Q: 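Please find one structure pasted underneath; my questions will follow.
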Amino acid sequence: MKPSTLLSVGIDVGGTNTDAVVLDAGGRVLASTKQATTEDVTGGIRAALGVVLDTLGPRRIAVRRVMLGTTHATNAIVRRRPLDRVAVLRLGAPATSEYPPLIGWPDDLRTAILAGARIVGGGHMIDGHPLSPYDADEIRRFLDEITGVDDAPGFGAVAVSGVFSPSFPEQELATRALVEQHLGADIPVSLSHEVGALGLLERENATVLNAALHGVARDVTNALLTAVAEQGLDAATYFAQNDGTLMPVDLAARFPVLTIGSGPANSIRGAAHLSGVRDAIVVDVGGTTSDLGVLSGGFPRESTLPREIGGVRTNFRMPDVLSVGIGGGTIVDLEAGVPIGDSVGYRLLEESLLGGGSTPTLTDAVAVAGTSPIDGLTLPEPAPATAEGLTAGLAVARERLEAAVELMSLGRAGQVLVVVGGGGFLVPDRVAGVAQVLRPTGADVANAVGAAIALAGGRAEEVCDQADRAGGIETAKRAAIRRAVEAGADPGRVGIVEILEVPVAYAAIPTLRISVKAAGPLL
């Protein structure tokens, strides 16, 4: 089959809807659907995939790639379930003992995850000199101490973090080999140099979360593979990452924490593809929240600050996104005339006034103001007090969205605002400070489009003497390109997307931290 005839399926699982699209090799949308997200996630994926494949008919045999973006990992952290218990090892005694692992975590999340923690000898200085002797014996003693009944581990995963391990990973790699030798290869081991950037505590936090999510990742990857197999597809499967690129399912199973920001990233990339705009503010209005991000050169602008996930501070790269509790399912307090931030979520068609329920939502407010935003549903004439409360609630919601757009603009006037998402009808056609409001065709499934068009990506960091800046950049480039190829990128078409250089403070010699991102189309 010629590459020009191959088709790709993009799926995005949100809190309210699971969206799916089919794109041809030229990026045209051939089929799309929105299905209600199910409690177990799998049902929504199966339904959405089935609908778009049925629409294709005989052309379904041309589907060769299926890409998934999901909030499943985020939801597991926020809900504190279902998470694996984790044994946490830090290589950095005694220098880092003042700040124990998981410091600053919410108590309930720490209780749900932590099986035990130990700071042992190891780690490096910024120049590569050992911080203290590596203590393999202490690691073995720790693992034995937290072993459960019948010599079974009292934990489901191990997280290992070493001081300056992104530059000097040898001790972390040795620890993984030690754990596998001591406990067997069935216990997954997360290494911090493969997960996060420099900054010990935030990198350690991200690594522990990654370890805790292994069971969740296994369930979601199995759900996707099962749905694809049930449809008889001969297709490669991929997961969307935080930065808007892809990784294959086997990597997603190892690094589930890297999928946490994939939803907003997909929406921003999909907005760029559908609108043809490379620099803009994007607002994705769903059923529960409105997520605002910035397109910069066709990719999501990334946050330069540590991000909190479920109350935990991490330092992996995430899209710079502002979330506002405004969505199509947001409940309106009729007496106060304000949206309350809670949402009926995927029960919108059952509980809203439009759907015959008794809960007033912002979708109902739009129906009161004009045409019903849901095809085939008409809002019965509401009581005057209800209409007044809904109208007031919609006005407040739009004021909050306008304020959020102003925050994301960073004071720059005259920018383009691209509106996507199933709840895009909440955004007015004129927004203060914005030169133009664009609503591209297919905007309601932009997140799934973003997943379908995503490139395979890789990232690498290097710390080097400023005198060897060129050598440090070249080393980081090679590592980033290698990781992009491992993620599925065509080796002949992968390229460098971004290079960031940051001076390292308090180093004995002038030192740079170099971060490189590579991306390329799938092979």
Side-chain angles (χ1 to χ4, degrees), residues 14-17 71 261 263-268 270-272 274-275 277 279-295 300-301 303 319-334 336-345 348 352 354 360-374 389-440 443-447 450:
T16 302
N17 291 307
T71 59
N266 286 344
S267 296
I268 296 169
L274 294 170
S275 67
V277 176
D279 297 280
I281 298 172
V282 176
V283 56
D284 176 17
V285 188
T288 304
T289 63
S290 293
D291 297 324
L292 292 92
V294 176
L295 264 174
R301 183 177 74 192
S303 174
D320 184 8
V321 172
L322 174 62
S323 293
V324 183
I326 298 295
T330 298
I331 300 169
V332 177
D333 182 335
L334 296 179
V338 296
I340 65 172
D342 195 9
S343 172
V344 297
L348 178 65
S352 67
L354 262 172
T361 67
L362 286 176
T363 297
D364 300 314
V366 172
V368 166
T371 305
S372 170
I374 300 179
L390 288 171
T391 300
L394 180 61
V396 172
R398 287 177 167 172
E399 287 174 5
R400 292 177 183 174
L401 288 174
E402 197 167 83
V405 170
E406 183 178 1
L407 281 174
M408 296 302 290
S409 71
L410 300 179
R412 291 178 53 198
Q415 297 189 72
V416 173
L417 176 66
V418 182
V419 181
V420 297
F425 49 78
L426 294 177
V427 181
D429 290 330
R430 302 189 65 174
V431 176
V434 170
Q436 184 182 10
V437 175
L438 291 181
R439 304 177 190 270
D444 60 330
V445 289
N447 43 14

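Not measured: the values here are computed from a predicted model.
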Q: Out of Asp284, Leu322, Ile326, which one pairs with Ser290 under the side-chain contact (heavy atoms from CB on, under 4.5 Å) rule?
A: Ile326

Q: Nearest heavy-atom pair of Arg430 and Glu402: which atoms, and what distance?
A: O-OE2, 4.4 Å

Q: With a 6.0 Å cut-off (strictly less than), is the heavy-atom count around CD of Glu406, excluding the residue itself, greater than 12?
A: no

Q: Give, for atom CD of Gln415 and atom CG of Asp279, the distance between the pair rounded to the nearest 0.5 Å.
A: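 Here the rounded value is 8.5 Å.
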
Q: If I take atom OG from residue Ser267 and atom CG from residue Asn447, how far apart are they, to the nearest 0.5 angstrom?
A: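 It comes to 4.5 Å.
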
Q: Out of Thr371, Thr363, Val285, Leu362, which residue meets the side-chain contact (heavy atoms from CB on, under 4.5 Å) rule with Phe425?
A: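 Filter result, single survivor: Thr363.
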
Q: Less than 4.5 Å apart, any side-chain heavy atom of Ile340 and any of Val332?
A: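 They are not in side-chain contact.
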
Q: Determine whether Val416 and Val434 make a side-chain contact, defined as any pair of heavy atoms from C-beta on separated by less than 4.5 Å.
A: no

Q: Side chains of Val418 and Pro440: does their closest heavy-atom pair fall under 4.5 Å?
A: yes

Q: Show your reasoning for whether side-chain contact (heavy atoms from CB on, under 4.5 Å) applies to Val419 and Leu438.
A: CA-CA 6 Å; Val419 181; Leu438 291 181; over 6 Å; no

Q: Between Ser323 and Asp291, is any side-chain donor less than 3.5 angstrom from a side-chain acceptor?
A: yes

Q: Considering non-hydrogen atoms only, spot the tightest contact between Pro300 and Pro319 and give its length.
A: CB-CB, 4.2 Å

Q: Check whether any side-chain heavy atom of Val321 lies under 4.5 Å from a side-chain heavy atom of Leu292, and answer yes or no.
A: no

Q: Decide yes or no for Leu417 and Val283: does some side-chain heavy atom of the first lie under 4.5 Å from some side-chain heavy atom of the second?
A: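 In short, these two side chains touch, coming nearer than 4.5 Å.
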
Q: CG of Asp364 to CG of Leu334: how many Å apart, nearest 0.5 Å?
A: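 If I round to the nearest 0.5 Å, the distance is 9.5 Å.
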
Q: How far apart are the closest heavy atoms of Leu348 and Ser352, and which atoms are they?
A: O-OG, 2.8 Å

Q: Walk me through whether Val294 and Val282 qualify under side-chain contact (heavy atoms from CB on, under 4.5 Å).
A: CA-CA 6 Å; Val294 176; Val282 176; over 6 Å; no

Q: Quick check for you: to the nearest 0.5 Å, what is the distance between Arg301 atom CZ and Ile281 atom CD1?
A: 8.0 Å

Q: Looking at Val420 and Ala271, what are the two nearest heavy atoms and their distance?
A: CG1-CB, 3.9 Å

Q: Using side-chain heavy atoms (C-beta onward) and a distance below 4.5 Å, is Asp429 in contact with Arg439?
A: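 A side-chain contact under 4.5 Å exists here.
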
Q: To the nearest 0.5 Å, what is the distance between OG1 (Thr330) and CG (Leu426)?
A: 7.5 Å

Q: Show the numbers, then the answer: is there a side-chain contact (heavy atoms from CB on, under 4.5 Å) between Thr289 and Val324?
A: CA-CA 6 Å; Thr289 63; Val324 183; over 6 Å; no

Q: Please find the pair of heavy atoms, one from Leu354 and one from Ser372, that lie closest to each other, and give the distance.
A: CD2-OG, 3.7 Å

